[in-house]
Q: 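I have a structure here, written as structure tokens, and I will follow up with some questions on it.
Each chain gets a letter, A, B and so on, in the order its sequence line appears, and its residues count up from 1.
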Amino acid sequence: MNFLEELQWRGMIHQMTPGTDALLQDGMITGYIGFDPTAPSLTIGNYVQIMLLRLFQDAGHRPIILMGGATGRIGDPSGKDKERELKSYDELDHNLEFQSRQFARFLDFEGPNAAIIVNNLDFYRDMNVLDFLRQVGKTLTVNYMSSKDSVKKRLETGLSFTEFSYQLLQAYDFQCLYTQHDCRLQMVGSDQWGNITSGTEFIRRNVDGKAHAVTTPLLTKADGSKFGKSERGNIWLSPELTSPYQFFQFWLKADDADLRNYIRYFSLRPREEMQALLDRVDEDPISVKAQLAEELTVRVHSRAAYESVLSVSELLFNKKANRDTLLGLDETSLATVAQEIPSFQIERDQLAAGINIVDLLAEHTSIQSSKGEARRSIKGNAIAVNKEKIKDHEYRVDATALLHGKYLMVENGRKNKFIIVTQ
RNA sequence: GGGGAGAUACCGAAGCGGUCAAACGGGGCAGACUGUAAAUCUGUUGGCUCAGCCUUCGUAGGUUCGAAUCCUGCUCUCCCCA
């Protein structure tokens with residue numbers, strides 16, 4: 001399958017430089033996407049980029065993952081309305097290490113078009129300021145750089161020289177990849193267009209080459225908010241940071257209106273199957289959503305993780321699930337539930353002495369962030385212990401409430417469920 | 001270097017000496033309705049030992065019985081002139 005055709009069909013092309021089509025017809029080519037290690041793990045926001053690389057590789061091309069060991073130290077002003085806090089070198093190194101390993105799951109690092117990981121810190125490590133200013137800074141005028149949207153917006157609100165320089169780094173990165181790896185294509189979100197064209201400009205002027213770029217439309221949600229954030233922050237691809245259960249729930253709780261985009265951006269099913277899903281969105285959004293959630297949970301985590309999440313989700317969200325079903329659960333099932341949903345440990349002795357519900361929510365666990373909030377939630381009829389709504393903020397929980405002498409289920413609202421394990 | 005404007009809770013934005021934990025909008029959270037969706041309606045949205053107290057209106061001081069509101073220094077941002 002032709003790469004551009006594939007993207008076109010999925011609606012993943014925003015713009016591209018002239019001649020990109022011809023380049024891609026020309027046998028195996030090398031293309032890259034950059035990732036700055038500003039977060040401890042890749043997120044589903046990054047997953048759009050990962051999909052691009054994957055589709056690129058599936059089409060027979062060679063993907064380069066460019067880790068931003070250098071650019072991460074600077075901070076990209078694109079799409080940011082204010083100057084960013086710089087992360088420490090230690091933190092960035094650690095993130096880079098972790099994220100690099102995550103790619104193993106999504107791309108093929110073997111074979112004729114094996115993916116490779118390059119760190120752009122290598123391009124700058126041995127360069128001093130004067131070299132940089134002469135070799136890199138001389139290529140573009142400040143006038144040209146300032147006319148980029150990403151910079152223009154920030155000239156109103158303030159932009160440090162550091163962040164202003166970011167596009168020089170990204171442009172020079174492209175040049176280095178071009179000369180060292182014969183990389184002729186950069187793919188990325190449309191907010192990066194300015195930085196990319198600086199890159200093709202570098203290659204044209206400095207090494208007399210021709211490089212190309214494709215951008216994808218930024219994935220936005222129907223309600224206008226940014227894709228990839230849940231109420232409680234980022235959805236990470238690492239199971240330690242976002243459990244498979246939460247990951248699965250994220251897709252299941254997605255807005256119907258976003259479903260078509262999600263299928264087109266994230267599914268790797270054969271085209272006929274994808275089309276069948278798309279066709280069924282209107283009549284049966286719930287089952288389509290479930291299938292997408294399944295596909296992604298299996299791919300990002302594992303089949304086993306999905307099975308476990310599914311059984312737990314069905315148990316917890318089953319319409320008929322009431323106090324009796326909960327009490328009827330055997331200990332193994334409860335243990336599985338405890339593994340999947342967020343859980344907290346407390347001392348058995350402490351609980352035996354009786355714990356006030358407000359303290360339990362806000363102090364012994366972080367189900368609520370303050371006691372005031374806990375009280376409000378109780379007043380608003382949001383808190384349930386073992387499927388029983390709590391009406392009184394003086395309510396005390398003690399050992400008699402424990403299921404199988406060990407577990408306690410606490411719900412905040414209908415969707416946020418927690419297990420407290422005593423030990 | 002000179003002149004002007006500004007910094008308010010998650011964001012935007014009122015307030016300009018007491019009745020201000022601070023209007024209003026957005027966002028968040030919860031309740032009802034639903035499909036663990038959307039839309040809609042309702043409640044709530046600094047902390048606590050909660051009819052009271054404590055900490056918050058860039059920062060440090062000062063005036064006052066009393067300051068987000070007045071004065072001074074400082075920091076930062078934006079605009080104009082050189």
Q: What parts of residues 335-343 of chain A reach RNA chain B, counting only heavy atoms under 4.0 Å away?
A: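 Contacts with RNA chain B under 4.0 Å: none.
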
Q: Got a list of protein N/O to nucleotides 44-47 of chain B N/O distances below 3.5 Å?
A:
| unit_1 | atom_1 | unit_2 | atom_2 | d |
| --- | --- | --- | --- | --- |
| B:rG47 | OP1 | A:Ser370 | OG | 2.8 |
| B:rG47 | OP2 | A:Arg376 | NH2 | 2.9 |

Q: Taking only residues two or more places apart in sequence, or in another chain, which ones meet A:Arg10 in a salt bridge (charged side-chain N to carboxylate O under 4.0 Å, His left out)?
A: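 Residues passing salt bridge (charged side-chain N to carboxylate O under 4.0 Å, His left out) with A:Arg10: A:Glu6.
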
Q: By side chain to side chain donor-acceptor pair (under 3.5 Å), which residues pair with A:Arg396, not counting sequence neighbours?
A: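 Result, side chain to side chain donor-acceptor pair (under 3.5 Å) vs A:Arg396: none returned.
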
Q: What integer number of Å spans the P atoms of B:rG1 and B:rC10?
A: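 Each nucleotide's P atom is 35 Å from the other's.
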
Q: For residues 123-152 of chain A, which residue pairs qualify under ring-ring contact (aromatic ring centres under 6.0 Å, His included), counting only residues two or more places apart or in two chains?
A: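 Residue pairs with at least one partner in residues 123-152 of chain A: A:Tyr124-A:Tyr172.
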
Q: Output all residues satisfying ring-ring contact (aromatic ring centres under 6.0 Å, His included) with A:His61, sequence neighbours left out; order by chain, then residue number.
A: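 For A:His61 the ring-ring contact (aromatic ring centres under 6.0 Å, His included) partners, ignoring immediate neighbours, are A:Phe56.
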
Q: Output all residues satisfying side-chain contact (heavy atoms from CB on, under 4.5 Å) with A:Asp93, sequence neighbours left out; order by chain, then residue number.
A: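 With neighbours one apart ignored, the set is A:Arg73.
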
Q: Between B:rU44 and B:rA9, how many Å separate the two C1' atoms, rounded to a whole number?
A: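 Roughly 16 Å separates the two C1' atoms.
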
Q: What parts of residues 276-286 of chain A reach RNA chain B, counting only heavy atoms under 4.0 Å away?
A: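 Residues of residues 276-286 of chain A under 4.0 Å from RNA chain B: A:Pro285, A:Ile286.
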
Q: Measure CD/A:Glu394 against P/B:rU49 and give the value in whole Å, please.
A: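 Nearest whole value for this atom pair: 11 Å.
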
Q: Is the shortest side-chain heavy-atom distance between A:Lys406 and A:Ile419 below 4.5 Å?
A: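 A:Lys406 vs A:Ile419: side chains apart.
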
Q: Using Watson-Crick or G-U wobble pairs with both distances under 3.5 Å, give me RNA chain B in dot-bracket, 5' to 3', with [ ] for crossers and | for pairs to another strand.
A: ((((((((.[[[..)..(.....]]]((((((.......))))))(((...)))...[[[[[..)....]]]]]))))))).

Q: Assign A:Lys289 to base, sugar-phosphate, or nothing according to its heavy-atom contacts below 4.0 angstrom with the strands shown.
A: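 Base: the residue A:Lys289, judged by heavy atoms under 4.0 Å, touches a nucleobase.
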
Q: Restricting to salt bridge (charged side-chain N to carboxylate O under 4.0 Å, His left out), what partner residues turn up for A:Glu307, sequence neighbours left out?
A: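 Per chain and number, A:Glu307 pairs via salt bridge (charged side-chain N to carboxylate O under 4.0 Å, His left out) with A:Arg303.
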
Q: Only one of A:Tyr245, A:Tyr306, A:Phe247, A:Trp236 clears ring pair (Phe, Tyr, Trp, His ring centres under 6.0 Å) with A:His301; which?
A: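 Only one option passes, and that is A:Phe247.
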
Q: Please list all pairs passing the side chain to side chain donor-acceptor pair (under 3.5 Å) test where one or both residues lie in residues 335-344 of chain A, with sequence neighbours left out.
A: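 Sorted result for residues 335-344 of chain A: A:Ser308-A:Glu340.
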
Q: Please check the phosphate of B:rU36 (OP1 and OP2 only) for any side-chain N or O of A:Asn416 closer than 4.0 Å.
A: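 No, A:Asn416 has no side-chain N/O under 4.0 Å of OP1/OP2 on B:rU36.
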
Q: Looking only at side-chain N and O atoms, does A:Lys415 come under 4.0 Å of OP1 or OP2 in B:rA37?
A: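 So the side-chain polar atoms of A:Lys415 do come within 4.0 Å of the phosphate oxygens OP1 or OP2 of B:rA37, strictly under.
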
Q: Compare every heavy atom of A:Asn119 with every heavy atom of A:Leu66, then report the nearest pair and how far apart it is.
A: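 Scanning both residues, the minimum pair turns out to be CD1-C, 4.4 Å.
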
Q: Got a sec, which pairs hit side chain to side chain donor-acceptor pair (under 3.5 Å) with one end in residues 348-366 of chain A, sequence neighbours left out?
A: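 Counting only pairs at least two positions apart or across chains, the side chain to side chain donor-acceptor pair (under 3.5 Å) contacts touching residues 348-366 of chain A are A:Asp359-A:Lys371, A:Glu363-A:Lys371.
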
